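Presented below is the structure to which this report refers.
Model, not experiment: these values are computed from the prediction. Chain identifiers are assigned alphabetically (A, B, ...) following the order of the sequence lines, protein sequences preceding nucleic acid strands; residue numbering begins at 1 within each chain.
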Amino acid sequence: MGIPGLLKALSDVQREVHVSELRGLRVGLDGYCFLHRGKYSRAYELVNGQTDGQAIFNPILQVLRALLAAGAEPVLVFDGGQLPAKRLVEGARKEARDRARWSANLQLQQLQSLQPNSSSSSPSAGHAANEDKREVIRRLSAGVDITPEIAVACMRKAEAMGVFCIVAPCEADAQLAALAHDNRIDVCATEDVDLLVYGCPRVIFGLDRNGYGREIRLAEISRSRGLSPYVPNPETLPDLCVFAGCDYLAPIPRVGLRTAAKFLHRAGGDLPRALALARRSGIQVPNDFLDRAREARLVFLCQTVFDIEEQRLRHLKMEPPAGAVLPTDWLGPALADDVAIGIACGEIHPMTHQPFAQQLKPALLALEAPTPPVAPTPSTPALTWQEPTASAPKQDPPQAPSTEHALASCTGPSGPDDGEGDEEDSESEEWCAEGSLLAASAASTSCEELLPPPAFAPSSSSSS
DNA sequence: CTCTAGTGATACGT
DNA sequence: TCTCGTCACTAGAG
């Protein structure tokens, strides 16, 4: 995620902050970062049987409460659709999650087959079972994925607290940067250094439930000595990051943050010259790297965001150059205004573009049947722009049905030998309740609610 | 020596 | 069909 090592390199310009210093300020939060903190709690719930499925929301709700108590005004932003640039790396991540889920579920099945009659448990056996449990939690939490359904459920909870929420058309990072650029938020809270690359002036990292975090101000990064003699600044940060390898571009082997900074320094900040210097030093820079780097740079500058004022999509900082020929939807999809508004409101799924209320099946989080792990491909490089050969043969899952059944038994609080007939029907009441909540809100919500409340509007126009 | 890239341990609500 | 881990440590290359 982000640029490896950049946050640590900027540690000398970080400052400890507390939410009490944010009174009266509007704080934009990257929703995914805080939902991610709840994944372990969610896995813990799963292995322990009884669960209301709500633990995943605790970290974000605690942070929201801390901000509200301090007199700050939180604004919650969620990720939306995928960018083509990230599809490749997302595919690898999904595969890793599926593998983790697969192994965790197998282990969970074994654990539960042993657990009911633990009468024959010596202390050592109990200890071993505990160790197994921890292992299952570890693997299961790695397999939990945060779906848009979960994000929207979180959104409804936050809105019930009076928090303004929005789903970005693409990445929350770019949307937060747009809000900051439009002076709708004063500071961002996230774990991702990318927000600095996108140009957010004040970013708080590691904000915890007690309200403590570490702030980096974009205007002060040129004071950092972490990459010396290279001196970073807000304008050249995108060049450094695409050279060092970011999410939008396959990295050059043996080139990380330090090496990229070194060559950029020697080239006076000019990326083509830096690449030439790198080649001269024996680094194998792909022939098309400069073109790919220019495309990746545009993602930081021109990604599609939702414009609250105009109630439609726009580009972040500038229109893409007229002559630029880019892959389809490279900067984000072109959506009709009503679809874009529906996504931003959390009423339309950002990927399928279908209304949430119709398709919101019981969100089973990590409980869906995992796809079996594919055999490791022999020796293909991990990230290439070549043809996707991954669709070759789907092997037979060794024991998929039995594993799926074990999952089903784990689903309900006490699943009374449920068959598999009811798919549309609700199995878990909490998600059913969530669904009705969504349906009700979808029926009554008008998208005009996206127009910012008075306190949220920028200090320019007050006409409504 | 510096730096990249890979590995292993690790995580916790009421 | 449906969203991002991270840190410390170290082998190994330059």
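In terms of the side-chain contact (heavy atoms from CB on, under 4.5 Å) criterion, residue partners of Ser103(A) (sequence neighbours excluded) are, by chain and number, Arg139(A).
The heavy-atom pair separating Cys170(A) from Leu331(A) by the smallest distance is SG-O, 4.2 Å. Considering every non-hydrogen atom in both Phe34(A) and Ala189(A), the closest pair reads CE1-O, 3.9 Å.
Judged purely by distance below 3.5 Å, without hydrogens or angles, the side chains of Ser222(A) and Asn233(A) never pair a donor atom with an acceptor atom. With no hydrogens or angles considered, a side-chain donor-acceptor pair links Tyr198(A) and Gln303(A) at under 3.5 Å.
Taking only side-chain atoms of Asn58(A), from C-beta outward, the nucleotide of dA8(C), dG13(B), dC2(C) with the closest atom is dG13(B). Taking the side chain of His36(A) as heavy atoms from C-beta on, and the options dG5(C), dC12(B), dT4(B), the nearest nucleotide is dG5(C). For Arg93(A), taking side-chain heavy atoms from C-beta onward, the closest of the listed nucleotides dG13(B), dC3(B), dG5(C) is dG5(C). Comparing dA13(C), dA11(B), dC12(B) by their nearest atom to the side chain of Ser41(A) picks out dC12(B). With dT14(B), dA11(B), dC12(B) as the candidates, the nucleotide lying closest to the side chain of Tyr44(A) is dC12(B).
Within residues 189-200 of chain A, no residue has a heavy atom under 4.0 Å from DNA chain B.
Separating the C1' atom of dC7(C) from that of dG13(B) is a span of 25 Å, rounded to the nearest Å. Rounded to a whole angstrom, the distance from the P atom of dG5(C) to that of dT14(B) is 25 Å. On the C1' atoms, dA8(C) is 15 Å away from dA11(B), given to the nearest whole Å.
When rounded to the nearest whole Å, the span between CZ of Phe205(A) and P of dC7(C) equals 12 Å. Rounding to whole angstrom units, CG of residue Asp98(A) and P of dT1(C) are separated by 12 Å.
The base of dT2(B) has none of its N or O atoms less than 3.5 Å from a complementary donor or acceptor on the side chain of Arg258(A).
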